[in-house]
Structure formats: C-alpha cells, structure tokens
Amino acid sequence: MGVGPRTWKGAFVRVRRSERVAVIGAGVLGAGVGWNLARHGVEVVFVDAGRPGEGVTNWSFSWVNASNKTVRRSYFDLNVAGMAAYRELAETVGPASWWHPSGHLRWAGDPVAEAKLLETAELLGSWDYRVEVCTGAEVRRRLEPALAVPGGTPVLFYPDEAWVHGRQLVGRLVDLAVASGAELRCGAEVCEIGTGADGSVRNVTLSDGSRLDVDAVVNAAGPGASRVAGLLARDLPMRREPGVVTRLDCARVPVRRAMHAPRVEIRPDGEASVVLHSREIDALIDKGEEPAELGRLLHEAAKQVVPELGDALIAQTQVAHRPIPADGFPSVGAVSAVPGYYEAVSHSGITLGPVIGRLLAAEIVTGKRDELLADFRTERFAH
C-alpha cells in the first residue's frame, strides 16, 4: 500500500511502499533509526535481547561533542551535525529530563598534555567551533564552585556541548515510534536472517522461535553487530575496547556539567547521581581487576577533583564493550551485497544517534545517500 508524501527537514519525500523493517538493537542508534522510519510511515519492529536503552547506551559517558573528534575533518563535521540534530530533536520531542546542554570543561595535569589541549582548542577555533580558555579560578567562580582545580590552570570550556540521559532518550523515541505503530520485541535476539533467491532480506528468526517477515533489517546491535553481520556471511571487524562506568548516589549533585579532569571524567546523571569514567582505569580491565575495585578507583580519582563526592556512595559499576568498527569510524548505510541489509554501528553513538538515525532512515526510504556519510560507508569493509 502506498504512503503519501511526508515532510522531512523542509522537503517532501515519498515512501515507495509500505515496508516492514526490523531494527536489531534498541539503543540510541537503533531508537533513532526506528523512530525516524516510523515518522515516514514505515512499519518498524524493534528487536532487543534486553530493554530499550539498557545496554551500552546506559553505560556510556553520554557526552555530546565534536571537540574530541578532530582526527578527520569529515568525522568532526558529522559530529557537529550530530550536535545540531540534538537541538532539533529537543524541539521536536521535548527536552524533558534527557537533554542537558550545559557545556563541557576540560583541563590537563601536566605541561605536555596542557599544550596539546591548547593546540586542539586553537584548531577547533579555526574551524568555527566555540571554545573559551579560562583559568581554574574563573571556572570555580563562574561555573563549578565545587572543583578543586588549581586557580592558574588553563581550563577549556566548550559551551555548545552537552550530556544526555541515554536511557531516558531511548525510551522516549521508542515510545513515540510505538505510538506511530512500531512493534517492540524484547527478551529475544536475532539468530537467523533469511534471504530470498535474489539474495535480498526476507525474514528474521528470533531466539524465542518466532519468525518475522520483513523487507529490510538495520543492524544497530552495538557490541553484537559483528555477530549479526555474520548471520549474512558479512565480516564486520570490530575493536575490542571495554570501558568501565560507575554511578554514585549523592545527597546533592555538586557538579553542573560534564568535565574531563586529568585522571577522571565526571558528569551529573540526574538529581541524585553522578557518572564517572576514566581511560586510565579502563586499562586495568584486562589485567583482571574486579568491577568493584575499578569503581573504588574511579571514586578515589573523582574525590580529588570534587571533594564533596567523598560522601557519595557507589551505586553501580559496569564494564561494557564499546561498539567500535576496526578503523575507529562508523559503519553506516546499505551493504550492496545483501539488498535490504543496513548497518548503523558506531562509537560515539550518543553524539551521533540523532543524525545517523535521520540520515539512514531517509536513505532507506528514498534510496538517496547523504554526503555527510560518504567516508563512513559500509563498503570499506567489503571483501
């Protein structure tokens, strides 16, 4: 059955036919793709072994930024587009408690690292990315009075950056998609993807024994994306890069925004919680340290930066595997060898979820490929 024209970013597009698309993975990327497809009138089925947003999305530092994405200009530009997509998304679905555009702070603990941060800030300024260089004293006076940063230390403030509550955002998008007719299948994973005589996707079989007839699948399975790709004999190489995140319960949250201190990353996580992460402590995961000890080390590091966190209690610590394709960049779009199969696999899924969701949904509906994704196409992993 045909579907009439729908508004998309100010233009009119036409869904060619009523299609059924299985979105495998209901994290931030899958939710973004599925919600946008549902807006186009496509019949969507979310499939996830857990609950929406409770996988790696819930165990991310959830920092929306492009300041840490300067290794390739096209990747920086995609992340800037991701930031803009968040502002649009907040206007469209309502910010509620998931959206926190309060900026981001970063400073270093030694002269070499400090020089590198300042060099990056200069580059970002030349790319018209807003950054302010403050002193520790100015930051304590204007932005974060609870910090123990030395008064003369240069601190970078990125006012356009943000953090999001990933689980709440995903819940909102999935609920909206379901209200538009999408189906949610939780507690089962995809164990087979069936294809027709022409090699195109025809169905998916779930671990509960059910089979869904579909016209397309979107692999947004995060750390499980390589396994899902393998069901179609596709090799999607992924890095092994585990990370540990700790949540603290606080009587009063003493920080207002996300920040990168020399040994630890800290951000609010609602009215009574703080999230901690550290690359240094991630390196101890493969040395056999237990999560409880990793959480304790994160708490100790955070107390050096925000002394008030000394009274906080560790609520949860979780080791999660980041969904990073082998070359470090997203794998997004159609795989030509398997008609009807698409990928939405990326590190920085929090920053990129809304923009990849919008662009990939438009590609599925119209067949048109956006130039923003040109460097991140699936073909680079083809044999």
Side-chain angles (χ1 to χ4, degrees), residues 1-48 52-53 57 64 78 81-96 98-99 164-186 201 212 214-221 330 332-334 340-346 349-373:
M1 180 175 67
V3 178
R6 294 175 178 270
T7 302
W8 182 256
K9 294 286 288 181
F12 284 93
V13 300
R14 184 176 294 275
V15 178
R16 292 165 297 178
R17 60 192 176 94
S18 181
E19 295 182 332
R20 193 182 197 200
V21 177
V23 177
I24 305 172
V28 67
L29 283 166
V33 176
W35 172 66
N36 279 288
L37 285 171
R39 296 175 81 199
H40 279 305
V42 175
E43 184 181 349
V44 174
V45 184
F46 293 104
V47 180
D48 199 292
T57 292
V64 178
L78 181 62
M83 294 168 66
Y86 263 108
R87 293 189 288 271
E88 179 183 328
L89 183 64
E91 291 181 3
T92 302
V93 307
W98 61 265
W99 175 234
V164 301
H165 196 296
R167 190 176 70 251
Q168 291 182 11
L169 169 60
V170 168
R172 177 71 172 146
L173 294 179
V174 170
D175 286 349
L176 288 170
V178 169
S180 296
E183 181 183 352
L184 177 59
R185 293 285 195 101
C186 293
V201 168
L212 309 175
V214 297
D215 300 286
V217 297
V218 176
N219 181 356
V332 183
Y341 171 70
Y342 300 83
E343 288 177 350
V345 185
S346 180
I350 288 289
T351 297
L352 296 176
V355 69
I356 286 178
R358 173 167 58 81
L359 297 179
L360 183 55
E363 179 178 329
I364 292 168
V365 169
T366 69
K368 296 178 181 177
R369 294 156 55 114
D370 194 285
E371 279 301 305
L372 264 176
L373 296 175

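These values consider heavy atoms only, across backbone and side chains, with no hydrogens, waters or symmetry-generated copies.
When all heavy atoms of Pro330 and Leu78 are compared, the pair lying nearest together is CG-CD2, 4.4 Å. Closest approach of Val44 to Gly34, counting heavy atoms only: CG2-O, 3.7 Å. Residues Ala81 and Leu372 approach most closely at CB-CD1, 3.8 Å, considering heavy atoms. Between Leu29 and Gly353 the shortest heavy-atom distance is CD2-CA, 3.7 Å. Closest approach of Pro354 to Leu89, counting heavy atoms only: CG-CD2, 4.0 Å. Across every non-hydrogen atom of Leu352 and Ser346, the tightest pair is CD1-OG, 3.5 Å.
Residues passing the side-chain contact (heavy atoms from CB on, under 4.5 Å) test with Ala344 are Val33, Val218, Ala220, Ile356, Leu360, sequence neighbours excluded. In this view, Arg87 satisfies the salt bridge (Lys or Arg N to Asp or Glu O under 4.0 Å) rule with no residue, not counting sequence neighbours. Scanning for salt bridge (Lys or Arg N to Asp or Glu O under 4.0 Å) contacts around Arg185 gives Glu183, with sequence neighbours left out. The ring pair (Phe, Tyr, Trp, His ring centres under 6.0 Å) search around Trp99 returns Tyr86, not counting sequence neighbours.
Judged purely by atom type and a 3.5 angstrom limit, Asp48 uses its side chain to pair as donor or acceptor with the backbone of Ala26. Between the side chain of Thr57 and the main chain of Val28, a donor-acceptor pair closer than 3.5 Å is present.
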Query raised in the report: So Thr92 and Arg39, side-chain contact (heavy atoms from CB on, under 4.5 Å) or not? Walk me through it.
Result: CA-CA 12 Å; Thr92 302; Arg39 296 175 81 199; 4.1 Å; yes
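Remark: Lys368 NZ to Glu363 CD distance equals 12.0 Å, nearest 0.5 Å. In this structure, Leu37 CG and Phe46 CZ are separated by 8.0 Å, a value rounded to the nearest 0.5 Å.
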Do any side-chain atoms of residues 172-179 form donor-acceptor pairs under 3.5 angstrom with protein atoms, and if so which ones, sequence neighbours left out?
{"unit_1": "Arg172", "atom_1": "NE", "unit_2": "Val93", "atom_2": "O", "d": "3.2"}
{"unit_1": "Arg172", "atom_1": "NH2", "unit_2": "Val93", "atom_2": "O", "d": "2.8"}

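A side chain to side chain contact (heavy atoms under 4.5 Å, CB included) with Glu343 is found for one member of Val217, Val332, Asn219 and no other, namely Asn219.
Using a 4.5 Å heavy-atom threshold, the side chains of Ile364 and Val42 count as separate. For the pair Leu212/Val47, a side-chain contact is recorded, criterion being any heavy-atom separation below 4.5 Å from C-beta on. Inter-residue side-chain proximity for Val355 and Arg358 is flagged as met; some heavy-atom pair is nearer than 4.5 Å. Contact annotation: the side chain of Ile350 approaches that of Val64 to within less than 4.5 Å [non-hydrogen atoms, C-beta and beyond].
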